[in-house]
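Reading through the structure tokens given below for one structure.
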Amino acid sequence: MRKSEIKNFIFNNRLNSRRNDAEPGGRDVAAVFLFIFLFPYIVSFFFGNVGRGMDEGGDTEQMEADAGNGASELFREDIDKAEFIVCNTTEAGMEKMPLETYLVSRLPATVPMEYEMETLKAQAVVLRTELLRRYYDTRDEQQKDGKCYIYVESNIVQTDGAFYEKCKEAVGSTRGMYLTYEGCPVRAPYFAVSAGATRNGNEVFGNQDYGYLKSVICGRDFTSEDYVHSLRVSRDIFMEKLLEIEPEAVWEEGQTLEEAFPMTKDRAGYIAKVDIGGKTVSGERIRMAFLLNSSCFEWREEGDDVIIKTKGVGHGLGLCQYGANEAAKKGSDFIDILNYFFSGVVIEKTE
């Protein structure tokens with residue numbers, strides 16, 4: 001899809017009523033989306049090294065002189081010539097930059113820089129897709145002066161040396177590429193390590209609008225040093241946390257943990273729901289309450305304590321970065337990777 005075509009597509013086509021009516025609602029589903037879009041920002045090992053910032057400034061003549069060099073032209077892009085502008089709000093204020101320039105600084109904040117180049121390329125496409133989806137959802141409010149504005153609040157990481165060059169290559173070689181499903185930019189979640197398989201989006205969100213998020217096997221994720229994690233808490237602290245979620249929570253004397261709080265798993269092994277005091281609570285809300293690595297967990301009693309064992313890191317939906325990197329090591333390119341983790345999608349371009 002050319003740049004002019006995506007503009008016409010975005011402005012002249014409205015979401016059909018099925019997609020509007022299917023937006024996830026309720027606090028449990030909102031909890032899933034909270035982790036989809038925020039969790040990657042708080043996992044410390046996602047972040048790249050901080051160093052000298054990207055080259056900024058430079059006069060127009062220098063930019064024109066660099067036109068023969070694709071990478072230089074791309075990453076010193078004139079904001080006046082860019083169609084999609086990211087307005088990123090940080091503690092220091094709002095900074096505006098072309099979409100592709102923003103992606104170079106955003107990429108190392110979302111994926112380990114030591115990963116294979118094809119993994120980084122896949123991640124760049126996922127990030128671009130997420131931004132275009134954000135624009136698509138609010139497009140009536142964010143187009144002016146012939147520009148398409150995308151408003152975000154996110155951290156960016158300034159890198160130098162090899163990391164900077166890798167970011168430029170990953171973004172530059174996938175320039176403009178994004179994922180669509182049934183003609184719309186998709187929501188493209190990503191996470192660090194699976195519990196052995198990714199989750200089914202329709203199953204998680206309880207509707208049929210996420211057919212591109214099918215459960216797939218990640219057969220090598222068990223080799224990650226972050227695959228398994230255990231948390232020990234006292235029974236008193238355990239109950240305090242549950243009472244914060246559901247004030248009617250009760251663990252009666254003589255009941256086993258499984259009897260007091262029965263759980264239901266989805267097909268990928270993640271906790272779909274927990275019965276607490278007669279109320280249904282999502283596994284993601286449990287995860288948030290105890291700051292667990294994932295909602296693929298099991299718990300057991302040990303004396304006066306409760307041991308919670310988790311598998312994987314992240315919500316389990318979409319691109320599994322560790323699994324993608326294992327595939328890249330075996331020769332899969334970024335298109336193979338994206339088609340594996342996002343079923344039935346089409347890769348299109350903004351220009």
Side-chain angles (χ1 to χ4, degrees), residues 21-43 187 189-210 213 215 227-302 304-318 320:
D21 293 341
E23 287 296 321
R27 60 181 185 177
D28 284 354
V29 174
V32 178
F33 268 121
L34 176 66
F35 271 80
I36 287 176
F37 299 117
L38 295 185
F39 186 78
Y41 307 158
I42 61 175
V43 178
R187 290 188 172 88
Y190 59 94
F191 65 101
V193 183
S194 81
T198 65
R199 305 176 74 180
N200 184 289
N202 288 342
E203 185 178 17
V204 171
F205 297 115
N207 59 56
Q208 299 302 308
D209 284 347
Y210 298 89
L213 295 178
S215 180
Y227 182 68
V228 176
H229 183 264
S230 292
L231 172 69
R232 177 187 292 267
V233 296
S234 69
R235 177 167 173 154
D236 289 341
I237 295 297
F238 178 80
M239 284 305 301
E240 283 182 17
K241 293 294 184 183
L242 291 190
L243 287 167
E244 290 175 4
I245 298 172
E246 178 48 61
E248 301 300 319
V250 177
W251 188 355
E252 296 180 355
E253 194 68 33
Q255 277 188 317
T256 66
L257 191 54
E258 291 75 15
E259 292 171 339
F261 309 110
M263 299 188 295
T264 302
K265 295 183 179 182
D266 64 21
R267 69 188 69 185
Y270 290 77
I271 302 302
K273 58 185 179 180
V274 183
D275 188 321
I276 300 179
K279 303 291 181 63
T280 298
V281 175
S282 73
E284 288 295 323
R285 291 194 67 208
I286 302 294
R287 175 191 173 195
M288 285 189 290
F290 289 94
L291 300 179
L292 302 177
N293 278 1
S294 83
S295 61
C296 180
F297 61 84
E298 57 187 33
W299 51 32
R300 60 182 174 83
E301 305 165 67
E302 189 173 285
D304 292 329
D305 294 336
V306 173
I307 309 297
I308 306 177
K309 179 182 177 181
T310 61
K311 290 183 179 180
V313 179
H315 47 66
L317 286 159
C320 171

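At a threshold of 4.5 Å between non-hydrogen side-chain atoms, the residues Ser282 and Tyr270 do not count as touching. Counting heavy atoms from C-beta outward, Trp299 and Val274 have side chains that approach closer than 4.5 Å.
Between Met239 and Ala249, the closest heavy-atom pair is CE-O, 4.0 Å. Here the closest heavy-atom approach between residue Phe191 and residue Leu317 is recorded as CD2-O, 3.3 Å.
In this structure Asp236 satisfies the side-chain hydrogen bond (donor to acceptor under 3.5 Å, both in side chains) test with no other residue, sequence neighbours excluded. For Gln255, the side chain to side chain contact (heavy atoms under 4.5 Å, CB included) criterion is met by Trp251, Glu252, Glu259, Ala260, not counting sequence neighbours. In this view, Arg235 satisfies the salt bridge (charged side-chain N to carboxylate O under 4.0 Å, His left out) rule with no residue, not counting sequence neighbours.
Residue Ile286 holds its CD1 atom at 11.5 Å from NZ of Lys241, rounded to the nearest 0.5 Å. Interatomic distance, Glu258 CD to Arg300 CZ, rounded to the nearest 0.5 Å: 10.5 Å. Remark: Met263 CE to Phe297 CZ distance equals 5.5 Å, nearest 0.5 Å. Within the model, atoms CD of Glu246 and CZ of Arg285 stand 8.0 Å from one another, a figure rounded to the nearest 0.5 Å. Taking CD of Glu203 as the start and CG of Leu213 as the end, the distance is 12.0 Å to the nearest 0.5 Å. Considering CZ of Arg287 and CG of Asn293, their distance stands at 7.5 Å, rounded to 0.5 Å.
In this structure, His315 contributes its side chain and Tyr190 its backbone to a donor-acceptor pair below 3.5 Å. Between the Glu301 side chain and the Leu257 main chain, a donor and an acceptor come within less than 3.5 Å of each other. Side-chain atoms of Ser215 come within 3.5 Å of backbone atoms of Thr198 as a donor-acceptor pair (strictly under, hydrogens ignored). Checking side-chain atoms of Arg232 against main-chain N and O of Asp305 turns up no donor-acceptor pair under 3.5 Å. Remark: side-chain polar atoms of Tyr227 are paired, donor with acceptor, to backbone N or O of Ala195 under 3.5 angstrom. Between the side chain of Thr264 and the main chain of Ala272, no donor-acceptor pair closer than 3.5 Å is present.
Tested against Val281, the residues Asp275, Ile276, Ile271, Leu242 include a single side chain to side chain contact (heavy atoms under 4.5 Å, CB included) partner, Ile276. Tested against Arg199, the residues Ser295, Cys296, Cys320 include a single side chain to side chain contact (heavy atoms under 4.5 Å, CB included) partner, Ser295.
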Legend entry - Trace of the side-chain contact (heavy atoms from CB on, under 4.5 Å) decision for Asp266 with Asn200: CA-CA 8 Å; Asp266 64 21; Asn200 184 289; over 6 Å; no
